[in-house]
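Counting starts at 1 for both ligands and their atoms, in listed order. The figures that follow rest on heavy atoms only: side chains count, while hydrogens, waters and symmetry mates do not.
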Amino acid sequence: MAPKRAGRRRFLTESAALIGLAAGTKSLSAQNPEAPGKDMMPYGERSRFERTARIRLGNKVNMSMHGDPNGYDALSPIGEQIGIITPSAVHFISSHGNPPPDIDPARHRLMIHGLVERPLIYTMEELKRLPSVSRIYYIECLANRPSPGEKKTVDDNHGLISCSEWTGVPVSVLLKEAGVKPGAHWVIGESAEAQRTSRSAPLEKMMLDALVAYGQNGEAIRPQQGYPLRLVIPGFEGKYHVKWLKGIKVVDRPYITYWEHGTFMSNGNTKGQYFMEQGPKSVITFPAGGQKLTGRGYYTIVGFAWTGSGSGTIRRVEVSIDGGRTWNDAQLQQPVLPYALTRFQLPWTWNGGEAVLQSRCTDDAGQVQPTAAEQAKFWAPMGGPHGNMIQPWKVTNDGQVLNAL
Ligand SMILES: Nc1nc2c(c(=O)[nH]1)N[C@H]1C(S)=C(S)[C@@H](COP(=O)(O)O)O[C@H]1N2
Ligand SMILES: [Mo]
């Protein structure tokens with residue numbers, strides 16, 4: 001009994017001291033240690049010890065990395081993401097030169113028009129009165145691809161992907177309400193920003209699982225992500241997820257809008273086909289490019305896998321620690337959800353020597369993530385629209401992790 005009582009007494013004394021401290025400094029917990037005086041009770045911020053941040057793109061230095069000369073783009077710090085949800089504050093941004101428009105949700109409208117029986121106009125309030133769904137989906141930019149040379153870190157090579165819980169109304173509900181006319185096969189998502197970035201997608205997919213989303217991770221979508229409304233088309237290239245959505249126009253055939261031109265005409269796509277679904281892809285996010293191991297010993301290799309093909313579900317992830325000679329099945333961390341990031345992990349003891357780490361995933365359609373060589377061959381001669389090749393990372397004997405592509 002005696003040691004226990006002593007323990008309890010010490011606990012009481014310490015908590016009394018804490019209470020005294022808190023009283024003395026006037027509700028310590030309510031203050032932001034970074035910005036003294038700012039009241040953190042209504043809307044919180046992270047600890048001042050946390051530094052994870054987006055990486056801005058589009059200036060002269062890194063423009064060539066992602067190719068958009070007007071870029072208002074930013075990479076998500078994927079190498080530091082914990083769990084499958086990307087915090088909204090560090091969701092990647094791909095906005096083609098547009099700062100987010102300043103939209104008052106009270107004045108925003110969504111128009112359903114084109115080949116429909118009854119054109120409809122919804123206010124945000126009306127949309128929110130409809131039954132909603134919440135789904136965890138990734139969005140990945142077409143430009144998210146590893147490359148040798150200039151891109152060194154895991155964020156540089158893979159930061160144009162993020163995963164959120166999106167909440168909104170299925171597009172099918174709105175289209176059924178409007179009544180799609182015979183002869184309609186495609187849908188154009190129309191956006192409200194100055195430089196219109198409309199995209200078209202097949203009606204079938206829109207009816208299947210596309211969302212008009214107003215919620216992201218439990219709150220309103222962030223301005224950079226399309227506030228107050230965006231399209232979410234699970235598994236499709238990022239550019240189809242139209243932000244600042246103001247119209248859904250039902251049409252007879254695909255229209256090549258300005259921003260679709262790239263997919264349609266380049267990338268060896270001589271048949272003029274659309275490639276909207278993204279193939280199986282995975283990447284080790286620790287240990288990964290730009291990071292450093294602090295010493296030999298036990299580590300857990302972690303990473304993400306995802307696919308836009310088939311039913312969008314990852315079935316298997318293998319990890320190689322010897323440059324692809326042998327492969328080990330990694331553990332898939334639950335939940336494993338369609339069109340979401342899937343976490344994988346594998347225990348690893350680093351003996352201090354050189355090692356080449358890489359992951360390869362298989363989706364539930366049986367498609368296996370290709371090596372860079374296989375990828376190049378498939379999309380020859382000009383390289384494919386989807387950069388889903390295997391990413392090798394080289395651990396040097398002083399613990400640096402380098403891009404080994
Ligand atoms: N209205 C509008 N929607 C848009 C874009 C845009 O510039 N304007 N960019 C597209 C591209 S290229 C991508 S990859 C995704 C990125 O979404 P995010 O910025 O929320 O990450 O949005 C798409 N939707
Ligand atoms: Mo994009």
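In this structure, of P100, S76, S94, the residue bringing a heavy atom nearest to atom 5 (C) of ligand 1 is S94.
Counting heavy atoms under 4.0 Å from ligand 1, residue R230 touches it through the side chain alone. For S191, every heavy-atom contact with ligand 1 shorter than 4.0 Å involves the side chain, none the backbone. Contacts with ligand 1 closer than 4.0 Å are made by heavy atoms of both the backbone and the side chain of K243. The side chain of W244, and not its backbone, has at least one atom closer than 4.0 Å to an atom of ligand 1 (non-hydrogen atoms only; side chain from C-beta on). Residue-level proximity to ligand 1 for E193 is carried by the side chain, the only part with a heavy atom below 4.0 angstrom.
The aromatic rings of Y299 and W348 are tilted relative to each other, their planes meeting at an angle between 30° and 60°.
Separation of atoms NE2 (H108) and CG (L229) is listed at 5.0 Å; rounding is to 0.5 Å.
Neither side chain, Q345 nor T300, offers a donor N or O lying under 3.5 Å from an acceptor on the other. No side-chain N or O of W166 forms a donor-acceptor pair with one of Q216 less than 3.5 Å apart. In this model, no donor atom of one side chain and acceptor atom of the other lie less than 3.5 Å apart for T52 and E50.
Atoms of ligand 1 found under 4.0 Å from any heavy atom of Q225, numbered from 1 in the order shown, are 18 (P), 19 (O), 20 (O), 21 (O). Listed by atom number, the atoms of ligand 1 under 4.0 Å from S95 heavy atoms are 7 (O). Short contacts between ligand 1 and H91, defined as distances under 4.0 Å to a heavy atom of the residue, involve ligand atoms 18 (P), 20 (O), 21 (O). Ligand 1 places these atoms under 4.0 Å from at least one heavy atom of V242: 3 (N), 24 (N).
Looking at K246 and E190, no side-chain N of the basic residue comes within less than 4.0 Å of a carboxylate O on the acidic one, giving no salt bridge. In summary, E318 and R316 engage in a salt bridge, as defined by a charged side-chain N under 4.0 Å from a carboxylate O.
Proximity of S162 to ligand 1 is not established, as no heavy-atom distance is less than 4.0 Å.
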